[in-house]
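Read the structure below first, then the notes.
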Amino acid sequence: MSRTAYRTCPLCEALCGLELTVEGHRVTRVRGDAKDPFSKGFICPKGATLGVLDGDPDRLQEPLVRSGDEHAKADWEHSFAVVQRRLREIITAHGANAVAIYLGNPSAHTIAGPLYGAAVVKAIGTRNLYTASTSDQMPKHVSSGRMFGDPMAVPVPDLDRTDHLLMLGANPLESNGSLCSAPDFPGRLKAIRRRGGTITVVDPRRTRTAALADRHVFIRPGADAYLLLALVHTLFAEDLVRLRHLAPAGPAASAGPSAPSPAVNGLDDLRALAVGFSPETVAETTGIQAAEIRRMARELAAADRAAVYGRLGTCTQEFGTLASWLVDVLNVLTGNLDREGGAMFPRAAHVPVYRKKRPFTSGRWQSRVRGLPEMNGELPAATLADEILTPGVGQVRALITIGGNPVLSTANGARLDEALAGLDFMVSVDPYLNETTRHADVILPPPRPAQTGHFDLALTGFAVRNYVRYSPPAIPPPDGRPTESDILARLATIASGQDADPALLDEFIIGSTLAKATAAEGSPVQGRDPAELRDLLRGDSGAERRLDMMLRLGPYGDGFGAEPDGLTLTGLRDDHPHGLDLGALTPRLGEVLCTASGRVELCPPPFAADVERLRAGLRTGPATEAEPYVLIGRRHLRSNNSWLHNVPELVGGSNRCTLQLNHDDAARLGVGAGDLVRVISRTGAVEAVAEPTESLMAGVVSLPHGWGHDRPGTRMRTADGHAGQNVNAITDEREIDPLSGNSVFNGVPVRLEPLGHQIPV
Ligand SMILES: Nc1nc2c(c(=O)[nH]1)N[C@H]1C(S)=C(S)[C@@H](COP(=O)(O)OP(=O)(O)OC[C@H]3O[C@@H](n4cnc5c(=O)[nH]c(N)nc54)[C@H](O)[C@@H]3O)O[C@H]1N2
Ligand SMILES: Nc1nc2c(c(=O)[nH]1)N[C@H]1C(S)=C(S)[C@@H](COP(=O)(O)OP(=O)(O)OC[C@H]3O[C@@H](n4cnc5c(=O)[nH]c(N)nc54)[C@H](O)[C@@H]3O)O[C@H]1N2
Ligand code: SF4
Ligand SMILES: [Mo]
């Protein structure tokens, strides 16, 4: 007997709806959910193998506890008891900051991560919080924080309505997009061209996305801020700035839902800043001719509806924050911010709009060893190893990882690998015994994806349509098997020192949220009794009741009866199992903006100051033979960071860890396809198989990340057979974007040493 269940794919940011065929306790087939109003049946090879991933025999079903070099199965109570005892000992002896927490990428795709991750951090009381964000999008948060006041207010390109898309450092044909959730991103790009629009892609590699675009412009890695500032320069110089609805119209508008179109601050400062960055001045640095830069600026200004979109390639580089900022500066200067077909702010169904937000600040504390400022409540992942390895008061002695594999994913992960071996205690919430979790004393595995419900808390805030979906578990987890929410809630209670019932945590959060909501001006429940509202919540678990509460307080919610047709969790679950389309994005800058001035800050002083660093890096002459090669990253459609290499259907073929290099560079070095090349950086060396290609710019080489599965003590048998190399053994933890603390993965200087011998292919 088979049955059908529906859920959102948890693997990447695209939010595709999946239709699962379930036989007994197995998922036997996965197809795109044709009735999902957002993804309409689209699916990629990763989503299609979710059933294989779900049934992976290497996936941990029970906790593991380490003794010596071996991990052995243990029951849940014993495992939690070990965690409780060791954490308490360490916190008592060395203080809360001795425990670090690392939250990885999947914790942004689960219900548990966003609902309970913060509670774990708070319960420990540590300032040593690290996440994958500082290996990814932190520059964008800092940019949005300073420009709009809210680090989470990230404008997304309105893909379905734009006439012109200028896309930098993104390859959605492989990644399916990021900070821009759009199922079938490739189809949406093709539709831009079909309706007569144009796409320009800026990338040091001629990617599949670049091949689909009208124009591909090669850029030297790390040079985007120069290009973008030259575009700003050209818009001013050629009198092409057209703010449209954002033009200053008198006194500063007050932020709030009813604010009139908020104006911008800093236009003159910006103009002055861009003076020294003409297209001619930046041509050598960017590798882009001045005439090409002018053409890009004119095209952008001429399009009625245009969007500039920068992603990973523009963040994980030396000038990540400047580039992220200038992307939105261009959206403002062309009058496309918060406008249909431009760059818009999605409205997530679970995020209340009445809440007063405080303007973004950073640097509230510093990392102990390198003095790096806190951003968004966390410290740069690039300095976690420093904090573990450097003795002294406040040294990190214990680590909690939740859905992360920093040994493979963070800058100089090889050094972190060594550091983790010296910890006093480590606990990982993770389904695999992998390169990172092999160091854990206790591994607490979440249930399989099919046994896990899904509600996208992190990504619907970046979606190109307003959309909401809740999927309960497709297969009920076995009795007594904790969900990931249960695991994290338990960790939080353990860490707080009270061995209370974890369910009290949900009750506490519900109580305090409702108390605030009933007191907040403009909230749909203003003046009501929190206890009455609490009794109206529905759901089978604390997590479900919290989701119900969030939806009901949200912009589409039923306001606990105030809007009888509005959303509730059970209504969403029962009436819309394929998800619910809440419409195209609508202008809402007034609702989003929370800067101190109540205006969009076009030229925040810390960014203007960092432009001096850009100026200092301007190249004055052409590239020389003696210059090192620079390394960039690469994603493959059938990979997902470090953890899908255990799915046999996905590894092999073109999904391999090869060193791509430019054909002419290869010829000059005498390197042929399949040759082994040693790639050497300040931090280390890896030996990789060469793949000469025309698609890379001269002087640039590329290795994908997430490989390097040759560490002993792991249990991922398929990945073992496709080990590849850990590119993060040669990225440099010292190189960060100073404004955000983000790692630099693109533009890493390397030397190449051909090793000659042919590898049989
Ligand atoms: N199949 C697959 N999908 C994924 C993932 C995956 O691993 N595999 N990972 C997911 C995650 S965590 C994320 S964050 C997203 C990322 O999704 P994207 O932002 O699309 O990231 P990438 O595919 O890495 O594309 C980055 C592009 O930047 C280019 N680039 C490198 N350096 C520079 C530079 O200095 N300037 C410019 N302009 N371009 C540069 C690279 O050549 C590359 O084409 O993908 C998600 N989706
Ligand atoms: N050189 C280089 N390095 C990079 C990048 C790059 O482009 N180049 N990209 C960076 C980016 S964008 C990102 S986001 C980071 C990712 O960095 P990380 O998040 O540290 O790494 P992942 O490979 O995503 O590891 C995911 C971990 O979560 C586990 N996991 C899977 N599903 C679940 C689940 O449901 N619950 C829990 N608790 N765990 C789960 C997996 O077993 C794995 O251990 O890597 C970054 N590192
Ligand atoms: S594109 Fe992303 S969300 Fe869609 S099926 Fe593939 S991995 Fe899943
Ligand atoms: Mo990411």
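Ligands are counted one by one from 1 in listed order, and the atoms in each one are counted from 1 as well. Bear in mind that the values here come from a model prediction, so they are computed numbers and not experimental data. Along the sequence shown, residues are numbered consecutively beginning with 1.
Considering only non-hydrogen protein atoms, atom 33 (C) of ligand 2 sits nearest to Pro106 CB, 3.7 Å. Nearest protein heavy-atom contact of atom 7 (O) of ligand 1 is Asn641 N, 2.8 Å. Among protein heavy atoms, the minimum distance from atom 47 (N) of ligand 2 is reached at Ser409 O, 2.7 Å. In this structure, the protein non-hydrogen atom closest to atom 18 (P) of ligand 1 is Ser175 OG, 3.5 Å. Scanning the protein for heavy atoms near atom 10 (C) of ligand 2, the closest one is Ser135 O, 3.2 Å. At the top of the distance list for atom 30 (N) of ligand 2, counting protein heavy atoms only, stands Pro431 CD, 3.5 Å. Protein heavy atom closest to atom 36 (N) of ligand 2, with residue, atom name and distance, is Glu484 OE1, 2.9 Å. Among protein heavy atoms, atom 39 (N) of ligand 2 sits closest to Gly403 CA, 3.1 Å. Scanning the protein for heavy atoms near atom 35 (O) of ligand 1, the closest one is Gly222 N, 2.7 Å. Residue, atom and distance of the protein heavy atom nearest to atom 32 (N) of ligand 2 are Trp643 CH2, 3.5 Å. Annotation: atom 6 (C) of ligand 2 to nearest protein heavy atom, His705 ND1, 3.4 Å.
Between Glu174 and Arg638 there is no salt bridge, since none of the side-chain N atoms of the basic residue sits less than 4.0 Å from a carboxylate O of the acidic one. Asp430 has no carboxylate O lying under 4.0 Å from a charged side-chain N of Arg59, or vice versa, which leaves the two without a salt bridge. Salt bridge present: Arg619 and Glu627 bring a charged side-chain N and a carboxylate O closer than 4.0 Å. In this structure, Arg715 does not pair ionically with Asp720, as no charged nitrogen and carboxylate oxygen lie closer than 4.0 Å. Using a cut-off of 4.0 Å between Lys/Arg side-chain N and Asp/Glu carboxylate O, Asp203 and Arg311 are scored as not salt-bridged.
More than 12 heavy atoms of other residues, nucleotides or ligands sit less than 6.0 Å from atom CZ of Arg682.
Residue Val727 places no N or O, backbone or side chain, under 3.5 Å from any N or O of ligand 2. Residue contacts with ligand 1: Ser639 is placed with a nitrogen or oxygen under 3.5 Å of a nitrogen or oxygen of the ligand (distance criterion only). Between Leu168 and ligand 1, no N or O atom pair is found at a separation short of 3.5 Å. Considering backbone and side-chain atoms together, Leu312 places an N or O closer than 3.5 Å to an N or O of ligand 1. Checking only distances, Arg634 never comes within under 3.5 Å of ligand 1, N or O to N or O. Residue-to-ligand polar distances place Asn171 within reach of ligand 1: an N/O pair is separated by less than 3.5 Å. Ligand 1 has an N or O atom lying under 3.5 Å from an N or O atom of Glu174, backbone or side chain. Inclusion of Ile219 in the set of residues having an N or O under 3.5 Å from an N or O of ligand 1 is not warranted. Ligand 1 has no N or O atom lying under 3.5 Å from any N or O atom of Ala223, backbone or side chain. The shortest N or O to N or O distance between Asn434 and ligand 2 is below 3.5 Å. Close N/O approach between Tyr432 and ligand 2 is not found [any backbone or side-chain N/O within under 3.5 Å]. For a threshold of 3.5 Å applied to N or O pairs, the pair formed by Asp203 and ligand 1 contains at least one separation below that value. Polar contact with ligand 1: present for Gly169 (N/O pair, distance under 3.5 Å).
Using a 4.0 angstrom heavy-atom cutoff, Gly747 does not count as in contact with ligand 1. The shell of residues lying under 4.0 angstrom from ligand 1, judged by heavy atoms, includes Asp136. Under a 4.0 angstrom heavy-atom cut-off, Pro446 registers as being in contact with ligand 2. Contact analysis puts Lys46 in contact with ligand 1, with a non-hydrogen atom separation below 4.0 angstrom. At least one heavy atom of Gly404 lies less than 4.0 angstrom from ligand 2. In this structure, Asp430 has a heavy atom closer than 4.0 Å to ligand 2.
Close contacts of ligand 1 with Thr207, meaning ligand atoms under 4.0 Å from a residue heavy atom, involve 44 (O). Each of the atoms 14 (S), 15 (C), 16 (C), 17 (O) of ligand 1 lies under 4.0 Å from some heavy atom of Ser178. Atoms of ligand 1 lying under 4.0 Å from at least one heavy atom of His636, given by number and element, are 1 (N), 2 (C), 8 (N). Those atoms of ligand 1 with a heavy atom of Asp224 less than 4.0 angstrom away are 34 (C), 35 (O), 36 (N), 37 (C), 38 (N). Atoms of ligand 2 found under 4.0 Å from any heavy atom of Thr110 (numbered from 1 in listed order, with element): 35 (O). The contact set between ligand 2 and Pro406, taken as ligand atoms under 4.0 Å from a residue heavy atom, comprises 20 (O). Taking a cut-off of under 4.0 Å to the non-hydrogen atoms of Tyr102, the atoms of ligand 2 that pass are 17 (O), 18 (P), 20 (O). Against a heavy-atom cut-off of under 4.0 Å, Val429 is close to the following atoms of ligand 2: 37 (C), 38 (N), 39 (N). Using a 4.0 Å cut-off to heavy atoms of Ser642, the atoms of ligand 2 that qualify are 22 (P), 23 (O), 25 (O). For ligand 2 and Gly104, the ligand atoms under 4.0 Å from any heavy atom of the residue are 19 (O). Less than 4.0 angstrom separates some heavy atom of Asn640 from each of these atoms of ligand 1: 4 (C), 5 (C), 6 (C), 7 (O), 8 (N), 9 (N), 10 (C).
Scanning both residues, Phe185 and Asn176, for their nearest heavy atoms gives N-OD1, 3.3 Å.
Considering Asn728, Asn405, Leu103, Asn742 only, the shortest heavy-atom separation from atom 1 (N) of ligand 2 involves Asn728. Checking His109, Glu13, Arg311, Arg635 against atom 11 (C) of ligand 2, the nearest heavy atom belongs to Arg635.
Proximity of Thr410 to ligand 2, defined as any heavy-atom pair under 4.0 Å, is not found for any part of the residue. Contacts with ligand 2 closer than 4.0 Å are made by no heavy atom of Thr316, backbone or side chain.
Each of Leu179, Thr314, Val154 was checked for a side chain to side chain contact (heavy atoms under 4.5 Å, CB included) with Gln137, and the lone residue meeting it is Leu179.
Ring geometry for Phe277 against Tyr226 counts as tilted: the plane angle lies between 30° and 60°, on a 0 to 90° scale.
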message: Applying side chain to side chain donor-acceptor pair (under 3.5 Å) to His709 and His722, what does each step give before you reach the verdict?
response: CA-CA 7 Å; His709 306 295; His722 302 265; over 6 Å; no
task: Please report the C-alpha distance between Tyr432 and Asn405 in whole Å, then the side-chain angles of each, then the deciding distance to 0.1 Å, and finally whether the side chain to side chain donor-acceptor pair (under 3.5 Å) criterion is met.
output: CA-CA 10 Å; Tyr432 284 108; Asn405 193 359; over 6 Å; no
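With hydrogens and angles ignored, the 3.5 Å screen pairs no side-chain donor or acceptor of Thr49 with any backbone N or O of Val52. Side-chain atoms of Asn641 do not come within 3.5 Å of backbone N or O of Gly706 as any donor-acceptor pair.
Using a 3.5 Å distance cut-off with no hydrogens or angles, the side chains of Asn412 and Thr683 do not pair a donor with an acceptor. Residues Tyr130 and Asn128 have side chains that bring a donor and an acceptor to within less than 3.5 angstrom of each other.
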